[in-house]
Asker: 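Pasting a structure here, questions to come.
Treat the numbers as computed from the prediction; the structure is a model and nothing was measured. Labels below follow one simple rule: chain letters A, B, ... track the order of the sequence lines, proteins then strands, and each chain is numbered from 1. Computed over heavy atoms, backbone and side chain alike; hydrogens, waters and symmetry mates excluded.
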Amino acid sequence: MAQKPSIPKGTRDFSPQEMVRRNYIFDTIKLVFQRYGYLPIETPAMENLETLTGKYGDEGDKLIYKIRSNKNLLEKYPTLRDCNCLKTVYNYDWIPMASDKALRYDLTVPFARYVVQHQNEITFPFKRYQIQPVWRADNPQKGRYREFFQCDADVIGSNSLINEVELTQMIDDVFTTLNVPVVIKINNRKILSGIAEIVGAADKMIDIATAIDKYDKIGDVGVNKELSEKGFSNEQIEKLEQVFLATSDRIILGPGYDGKDKNLVRLELLREHQEYRSSEIFLEGVKELEAVFKTIIDLGLTSANVEFDITLARGLNYYTGAIFEVKANKGTLTSSICGGGRYDDLTGIFGLPNMSGVGISFGADRIYDVLNELDLYPDTVSASTKLLFVTFGKDEQNYCLPLLAKVRKAGINSEIYPDANAKMKKQMSYADDKKISFVVIVGGDEMASGELTLKNMTSGKQEKIKIEKIIEKLK
RNA sequence: GUGGCCAUAGCUCAGUUGGUUAGAGCAUCGGUUUGUGGUACCGAGGGUCGUGGGUUCGAGCCCCAUUGGCCACCCCA
C-alpha cells in the first residue's frame, strides 16, 4: 500500500461544492471592483527575493517563502563535500545555492514593482484589481493559512481622498452583497506619527503603533507594560495614554454629548487637543480623516459601520496615510477579513518617487470561513447542471445526443449519463447528488412519439413534453 | 520562534484496571425481480490503532522519542 497522501500544512483542497461557493465570493468582489472602474492585472507567483524583503517589517520578512535554488552548491565548490560542519547540517549530496526568488507575500508590493516597470504604458491615476494567491511561512491556526487568496484594489498616482471614500464604499458594497455585517475601522498613520513626535520618539512610531494596536486585547495595563519594555519612560507612556483616552466612548459620550457623529466628535477633540495640536503631521492626519468621514457620512453606507479608531495600527511598514481594517460583527472569527491603506512612497524604493497609492485587500479565505460558519450562501449558489438526460441503453443514448447538443446550444447547462447500461436508480441518484433540477427520461415510448418525460426533481412531478418546449421552459 | 491540547476506517468518534479475531454512525458500493432519486430494509468493501523504540507472558491503552494536526502568543488577510 502506498503511503497516505497529504497536503502541506496550512493549505487546503477545495471540492466542487466549495469551489462554487468560493467563486461566488470572487465573483461578487470582482463585480464591485469593475463597477468602480478597476482593471485586472496578474503578476507571477514568484518575485525576486530582493523585491520583497524590507517591505513588511522584521516579522513580515521572516514569513516570506524563499524558493531554494536548483543549483547544487557542491557542483560549484566540490571541496565543500569534505567540510564536516556542512555534513552535520546536510546529510545528503545536494546543498542548494543561495535563494534569490521568493513566493509573493502580498499583492501590493508586486503591484508597486509592476507600476515602476510599466510606468510608460500606464495612464495615471491607475486603478487596478488583482485576485491571486499569496504565501506566508506562518504557523497556521484559525483563519490563518500558508496559502490564501487576496483580492486587491489599488489606485496609484492620485493623492485625492476621494479614493479613500470610494474604497470604503466598495467594502460596504461587497459585504452588503455577501450579507456579512461588518465594522470598517479607519485610522491615519500621520496621526500616529504625530503622536510619536510629540512624545519625543519620532523614530519609534512602529513600536508605539504595534503596542497600542492591542488596546482592546490586553487593555491599558498590558499596553503600558509593553511600551515600558520597549524603553518608553513613564512620562511618555502617560502622555500616550492621555491621547488614546481622549477619544474613548467614556469621554466623548459624557455630559454635553449632543448626538453628533461619534467619529467627527473624536476627530474634533483631537484637533483641539492642547498638547497634540502643535504637531503639524498630527493635525494633517486629523484633517484628512475629517474630510474622509464627512464625505462618507454625507453619501451614506448601505450596511457597514465605519469607526475612527486611534488604536488601529496595522503592521505593514509601507503605510503612510489612511489605514483600514474590516472585521465581521458576527461569527467566531476575530481577525480582520479585509485591510488596506495609503502608501506614499512604495514605488520610490523601485526608483519611481512621488507616486502615492491607496488600496484595500479582501482576504477571500477568511471571508469564505465566515460565510461557511454563518451559512450565508444564497440557494442559487449550489446549482450547476440544470438538466440530465436519463436513458436506458445505447439506442436511447444515441437518440439523445443531438437533443443534448441542442439544449446546450440554447445555453442550458446539461449533461447525459455517460454509461449507457447504468440502471435508472443509479442515474437518478446521480442527478439527486448533483442537485440537478430536471431530468429527461427517454425510453422506447418517448423515442416513438417525440414526447419526452420531463421530471422536476424538486417537486417530483413529471410531464410528457417535446424537446423544444423543454428548452423554452428551462431557458 | 514560544506554549497548551490531540492523533483509532474516507469523515465524526467509542474502545473497561493492559487480556483472544478493534467497533458504531455517516459516507461509498451492491441488493430489496430488470422505466423513477432524495425517507426505509438487507449486505459488502475499507484500519500494521500517525511513525520508531521501550516496559510486559501480552500494548489501541503505560513510558520515551519523532512526525503531523488543532488552538493560543507574536504577527497578519
Side-chain angles (χ1 to χ4, degrees), chain A residues 1 3-13 15 25 29 56-64 104-108 131-152 171 206 209-211 213-214 217-218 222 226 313-317 323-328 332-341 359-370 388 390-393 396 417 421-447 452-462:
Chain A
M1 268 300 262
Q3 233 183 338
K4 269 190 196 173
S6 64
I7 52 174
K9 192 194 270 210
T11 64
R12 301 192 277 185
D13 280 332
S15 299
I25 296 170
I29 292 172
Y56 308 111
D58 291 343
E59 291 297 324
D61 279 1
K62 282 184 207 157
L63 302 180
I64 296 171
R104 69 166 102 77
Y105 177 90
D106 71 355
L107 300 178
T108 311
I131 299 177
Q132 290 190 275
V134 303
W135 294 269
R136 293 183 189 178
D138 205 349
N139 246 332
Q141 51 182 280
K142 183 169 180 163
R144 177 170 302 185
Y145 303 97
R146 286 188 166 171
E147 178 185 63
F148 59 95
F149 271 79
Q150 289 195 327
C151 313
D152 277 39
I171 295 170
I206 298 282
T210 49
D213 192 36
K214 292 169 204 157
K217 235 180 189 174
I218 57 178
E226 183 164 332
R314 300 189 50 74
L316 295 178
N317 272 4
I323 41 184
F324 305 95
E325 185 166 286
V326 181
K327 287 182 178 182
T332 55
L333 191 72
T334 51
S335 41
S336 60
I337 53 179
C338 177
I360 48 170
S361 175
F362 292 88
D365 288 76
R366 285 182 178 175
I367 295 172
Y368 170 72
D369 288 348
V370 170
L388 174 76
V390 171
T391 62
F392 297 101
E396 288 87 342
Y417 198 86
N421 298 317
K423 291 185 175 163
M424 191 158 185
K425 182 187 168 94
K426 173 82 184 151
Q427 300 189 45
M428 294 299 283
S429 309
Y430 177 80
D432 191 49
D433 190 54
K434 277 187 91 170
K435 296 190 166 59
I436 295 172
S437 355
F438 293 91
V439 298
V440 169
I441 301 166
V442 179
D445 294 351
E446 285 85 354
M447 285 201 291
L452 311 180
T453 301
L454 178 72
K455 174 161 182 161
N456 181 325
M457 292 297 278
T458 318
S459 67
K461 286 182 184 158
Q462 53 189 60

Asker: Measuring from the side chain of Ser336(A) (C-beta onward, heavy atoms only), which nucleotide among G37(B), A77(B), G69(B) has the closest atom?
Answerer: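 Minimum distance to the Ser336(A) side chain belongs to A77(B).
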
Asker: Sequence neighbours left out, what pairs pass salt bridge (charged side-chain N to carboxylate O under 4.0 Å, His left out) with at least one residue falling in residues 131-143 of chain A?
Answerer: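 Every pair satisfying salt bridge (charged side-chain N to carboxylate O under 4.0 Å, His left out) with a residue in residues 131-143 of chain A: Asp138(A)-Arg144(A).
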
Asker: Could I get the full list of side-chain hydrogen bond (donor to acceptor under 3.5 Å, both in side chains) partners for Lys9(A), not counting sequence neighbours?
Answerer: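 Lys9(A): no side-chain hydrogen bond (donor to acceptor under 3.5 Å, both in side chains) contacts found.
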
Asker: Would you kindly give the CD1-to-C1' distance between Ile206(A) and C75(B), to the nearest whole Å?
Answerer: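 One finds 13 Å between C1' of C75(B) and CD1 of Ile206(A), rounded.
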
Asker: Asp365(A): what forms a side chain to side chain contact (heavy atoms under 4.5 Å, CB included) with it, not counting sequence neighbours?
Answerer: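 Scan of Asp365(A) (side chain to side chain contact (heavy atoms under 4.5 Å, CB included), adjacent residues dropped) gives Arg12(A), Phe14(A), Arg22(A), Tyr145(A), Phe148(A), Phe149(A).
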
Asker: Check nucleotides 30-32 of chain B for protein N or O atoms closer than 3.5 Å to its own N or O atoms and list the pairs.
Answerer:
residue : atom : partner   : partner atom : Å
G31(B)  : OP1  : Lys423(A) : NZ           : 2.3
U32(B)  : O4   : Lys425(A) : NZ           : 3.4

Asker: Could you list the residues that satisfy salt bridge (Lys or Arg N to Asp or Glu O under 4.0 Å) with Lys214(A), not counting sequence neighbours?
Answerer: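 Testing Lys214(A) for salt bridge (Lys or Arg N to Asp or Glu O under 4.0 Å), a comparison that skips the adjacent residues, returns Glu226(A).
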
Asker: For Ala422(A), give me all partners under side chain to side chain contact (heavy atoms under 4.5 Å, CB included), at least two apart in sequence or on another chain.
Answerer: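 Partners of Ala422(A) by the side chain to side chain contact (heavy atoms under 4.5 Å, CB included) criterion, ordered by chain and then number, come out as Tyr417(A), Asp419(A), Lys426(A), Gln427(A).
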
Asker: Distance check needed: C76(B) P versus Tyr145(A) OH, whole Å only.
Answerer: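 Result: 19 Å.
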
Asker: Tell me every residue that passes side chain to side chain contact (heavy atoms under 4.5 Å, CB included) with Thr458(A), counting only those two or more places apart in sequence or in another chain.
Answerer: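 Counting only residues at least two positions away or on another chain, Thr458(A) forms a side chain to side chain contact (heavy atoms under 4.5 Å, CB included) with Asn456(A).
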
Asker: Please list, chain by chain and in numerical order, all residues satisfying side-chain hydrogen bond (donor to acceptor under 3.5 Å, both in side chains) with Ser336(A), sequence neighbours excluded.
Answerer: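 Here no residue qualifies.
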
Asker: Using the C1' atom on both, measure U48(B) against G31(B) and round to a whole Å.
Answerer: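 Comparing C1' positions in U48(B) and G31(B) gives a spacing of 33 Å.
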
Asker: Send over the distance from Tyr105(A) OH to A77(B) P, rounded to a whole Å.
Answerer: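 In whole Å, A77(B) P lies 7 Å from Tyr105(A) OH.
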
Asker: Show the distances under 3.5 angstrom between N or O atoms of the protein and N or O atoms of nucleotides 71-73 of chain B.
Answerer:
residue : atom : partner   : partner atom : Å
C71(B)  : OP2  : Lys142(A) : N            : 2.9
A72(B)  : OP2  : Gln141(A) : OE1          : 3.1

Asker: In whole angstrom, give the distance that lies between atom CG of Asp61(A) and atom P of C74(B).
Answerer: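 Taking CG of Asp61(A) and P of C74(B), I get 19 Å after rounding.
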
Asker: List for me each residue that meets salt bridge (Lys or Arg N to Asp or Glu O under 4.0 Å) alongside Arg146(A), sequence neighbours excluded, and say none if there are none.
Answerer: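 Not a single residue meets the salt bridge (Lys or Arg N to Asp or Glu O under 4.0 Å) criterion with Arg146(A).
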
Asker: Using whole Å, what does the distance between atom C1' of nucleotide C11(B) and atom CG of Asp13(A) come to?
Answerer: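 The answer, rounded to whole Å, is 15 Å.
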
Asker: Return the set of residues passing side chain to side chain contact (heavy atoms under 4.5 Å, CB included) with Thr108(A) (not counting sequence neighbours), or none when no residue passes.
Answerer: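 Side chain to side chain contact (heavy atoms under 4.5 Å, CB included) check on Thr108(A) returns Asp106(A), Asp152(A), Asp154(A), Tyr318(A), Tyr343(A), Leu346(A).
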
Asker: What dot-bracket string describes RNA chain B from 5' to 3', counting Watson-Crick and G-U wobble pairs whose defining distances are under 3.5 Å, with [ ] for crossing pairs and | for pairs to another strand?
Answerer: (((((((..((((.....[...)))).(((((.......))))).....(((((..]....))))))))))))....

